[in-house]
Asks: 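Please see the structure below; I have some questions.
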Amino acid sequence: MTQQPTWRRTHTCGELRPTHVGAIVTLNGWVQARRNLGGIYFLDLRDRYGLTQVVIPEAIGESVKLGPEYVLSVRGKVSARVGSQINNERATGGVEVIAEAVEVLSSSPPPPIDLSGSTETSIETRLKYRYIDLRRPAMQRNLAHRSRFINAMRRAFEAQGFLEIETPILTKATPEGARDFLVPSRVHPGEFYALPQSPQIFKQILMVAGLDRYFQVARCFRDEDLRADRQLEFTQLDMEMSFVEEEDVFSTWESVLRDTFRDAMGIELALPFPRMRWEEAMERFGVDKPDLRFGLELHAADEWAKSCEFQVFRSAVSSGGRVMGLTVAASHNLSRKDITELEALAKGIGAKGLAWWKAGVAGGSGPLAKFCATSEAARALMAAMGAAEGDTCLFIADRKSLTRKVLGELRNQLGRRLDLIPKSNGPTDPAQWRFTWVTHFPLFEWDEDARRYFSAHHPFTAPEDWSLDGALEGKEPDLGQLSSRAYDLVLNGWELGSGSVRIHRADVQQKIFSLLGIGPEEQQRKFGFFVEALSQGAPPHAGFALGLDRTTALTLGLDNIREVIAFPKTASAVDLMCDAPSQVDPEQLVEVHVRCVVPAPSPDSTPTASATPSAPPTASAPPTASATPITGAPPGAMPTPNPAR
RNA sequence: GGGGACGUAGCUCAAUCGGUUAGAGUACCGGCCUGUCACGCCGGUGGUUGCGGGUUCGAGUCCCGUCGUCCUCGCCA
């Protein structure tokens, strides 16, 4: 046995209990706080597992600086705390370690982030010093939860015979959908890989290959603008299975989610989740991701509107639009000011106005009252709106899609403002987890700007009618009317994931491409390999992918996925810690055959903070790199005039 | 690309109608303190008010531009 002292820990900072009293232990961790009372010196040592109080003898305390966030190895004897010394707020509060030797493993300046939890640091500072932010117990809890959740899900899929199979990160650009991230090829000048928006084609080909059941924790990349619930790169639990249809996918996921919620959180989900066709979701809630935790459903007033004297309502219906509304119970005391604010919101979304009526058999009040003068008309409208005396009805009259959209948004707003979402009885309350499947999304959506149809889900989605309403036989169907076999999983107003029954027939797949305006030559170039695969023994198959960032955030009660991603980017797609993206050496561009063309920076916008660091400039930021619009190109190759010269 | 909010000490914030030397809490440093655990008490250091212009006798405050952060619309098959 060696007597050599060592810094290596014998216990974690969350481990010691009164049963350890008397033991000689070594703890490793960060200095969380110091309390020097003169003759006695306390120090809290922190690691992922908890906080332990260390008593520092005067001799040690005076001989070595132990600053905040210093990393220490403390050897000492576990001592019981008695009476008022016991701290019941901490798991380790019954004991403390009397230090006999302290080794400073690492020092630190005072941290830019408050780790005691007393003040909330700006997200900007948190992202810049993410390594310190991630020391916070809240962030460690979030990442631990994410890890447990994903691992539970892995076990659940494995238990059902799914194989975890990796697919390429460097792959082929996809023509439709989100913007691709491109990666230039060094070996093939002028050619590019794309990062996958999802493993879609690969997982379908795995089905063609007979793997039968696939899943993967898959990173996906989409070069679109960020949001609180969207990052450039995000993680999906992606899966696909053969010889199945919708209900097989649903029941697989329901049992996986049941097991996952049970294992990771001790929550028993209520199964099965309700199923709802897209059309029903839109008609009842105005959105394709309804929050089922509260009512306030949309009511159709089209029949009433048809025969009323209000010209706006009548013309909306007669021109093919809708008149629909929400009924807010009288007990909520919706004020004129509230209605004015809601109208502004509605107009912001595109509504021309917001009609309202305070319901009453005697005609009620508000702008619509004069059209409800007869008790017959008033009663009919109350019936259509499910309104009682004194309730406030809010109406939108417009084309169908806009009417639903506006009312769906108003419903969600009112749900928050009127506090309609019931207070949960803790996370184990099944009423808090209102999952629903939304099925039969439209197959195509009209894009007004591009003047053509796009796939609502993706072009590999099976149509509800395999004949495509006769299109396969050469007829011309109304593409806007076709229904698909795509589905979403929705939880409390969030879209957690989506999937579909896929097209496994080459002829149908080719027809879909044609209907989307992708001609035979383009099909061959972009999807030839895929259609060929479908033609060589493809089984019927279906799949789904669950957004893990959203799901883990939601299951922690958080509304921003940054809180469950170790190294997220800002709303402008910047990694503040690494300062990515950044310029690269001209030689690197030459090597991948890329010439960089950027607008010349205006004199005022020359970066000051990043371009003039106190450290000497490095090779990656040559003085010329920010002053010329072209890097890695010979002078004279400038394709655009420089307005600054 | 559009809209809104914000940017002041390491951190979180204040600063009246444009008016004295830009303050507070916290952190940090020093002193005192033997049972604290957000220790306490006393003292101190710490500021290009994001950056650049402009208006003004005078700008943290008003105007223009710009950069950054957040939310959001477009966008996200």
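Atoms considered below: every heavy atom in the structure, side chains included; atoms not considered: hydrogens, waters and symmetry mates.
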Asks: With A:Y453, which residues qualify under ring pair (Phe, Tyr, Trp, His ring centres under 6.0 Å), at least two apart?
Replies: A:W446
Asks: For this output row, return yes or no: ring centroids of A:F444 and A:F454 closer than 6.0 angstrom.
Replies: no
Asks: Counting any heavy atom closer than 4.0 Å, what does A:K128 reach on the DNA or RNA strands: base, sugar-phosphate only, or nothing?
Replies: nothing
Asks: Rounding to the closest angstrom, what is the interatomic distance between B:C13 and B:G47 at atom C1'?
Replies: 15 Å
Asks: Taking CG from A:L226 and P from B:G74, how many angstroms apart are they, rounded to a whole number?
Replies: 16 Å
Asks: Regarding A:E341 and A:K337, does a basic nitrogen lie under 4.0 Å from an acidic carboxylate oxygen?
Replies: yes
Asks: Separation of A:L115 atom CG from B:C28 atom P, in whole Å?
Replies: 12 Å
Asks: Which one, B:U12, B:C28, B:C71, comes nearest to the side chain of A:T119?
Replies: B:U12
Asks: For A:F460 and A:N560, take the nucleotide of RNA chain B holding the closest heavy atom to each; which residue's nucleotide lies nearer the 5' end?
Replies: A:N560
Asks: Kindly point out which of B:C11, B:U69, B:C75 is positioned nearest to the side chain of A:R227?
Replies: B:C75
Asks: Tell me the interatomic distance from A:R416, atom CZ, to B:C71, atom P, rounded to whole angstroms.
Replies: 14 Å
Asks: Which whole number of Å gives the distance between the C1' atom of B:U49 and that of B:A38?
Replies: 29 Å
Asks: Looking only at N and O atoms, is any donor in the side chain of A:R230 or the base of B:C76 less than 3.5 Å from an acceptor on the other one?
Replies: yes
Asks: What's the shortest heavy-atom distance between A:Q509 and A:P459, and which atoms?
Replies: NE2-O, 2.9 Å
Asks: Write down the distance separating the P atoms in B:A59 and B:G18, rounded off to the nearest Å.
Replies: 14 Å
Asks: For side chain to side chain donor-acceptor pair (under 3.5 Å), just list the numbers for A:H541 and A:Q204, CA-CA rounded to whole Å, side-chain angles, deciding distance to a tenth of an Å, and then say yes or no.
Replies: CA-CA 8 Å; A:H541 58 287; A:Q204 288 191 241; 3.1 Å; yes
Asks: If you assign each of A:S122 and A:L576 to its closest nucleotide in RNA chain B, which residue comes earlier from the 5' end?
Replies: A:S122
Asks: NA contact type, A:R562, heavy-atom cut-off 4.0 Å: base, sugar-phosphate, or nothing?
Replies: sugar-phosphate
Asks: Sugar-phosphate atoms are those with a prime plus P, OP1 and OP2; base atoms are the rest. Using that split, label each nucleotide of nucleotides 34-41 of chain B B, S or - for protein heavy atoms under 4.0 Å, 5' to 3'.
Replies: BBBBBB--
Asks: What distance, rounded to whole Å, do you find between the two P atoms, one in B:G58 and one in B:A14?
Replies: 28 Å
Asks: Within the structure shown, what part of the strands sits under 4.0 Å from A:K405 by heavy-atom distance: base, sugar-phosphate, or nothing?
Replies: sugar-phosphate
Asks: Could you check, using the six-membered ring where one of them is a Trp, whether A:Y214 and A:F202 have ring centers closer than 6.0 angstrom?
Replies: no
Asks: Could you check whether A:S572 gets within reach of a base, just the sugar-phosphate, or nothing at all, counting any heavy atom under 4.0 Å?
Replies: sugar-phosphate
Asks: Identify whether any heavy atom of A:D225 sits under 4.0 Å from a base atom; if not, whether one sits that close to sugar-phosphate; answer base, sugar-phosphate or nothing.
Replies: base
Asks: By the 4.0 Å heavy-atom rule, please label A:P68 as base, sugar-phosphate, or nothing.
Replies: sugar-phosphate
Asks: Quick one: closest heavy-atom pair of A:D575 and A:K569, and the distance?
Replies: N-CG, 4.1 Å
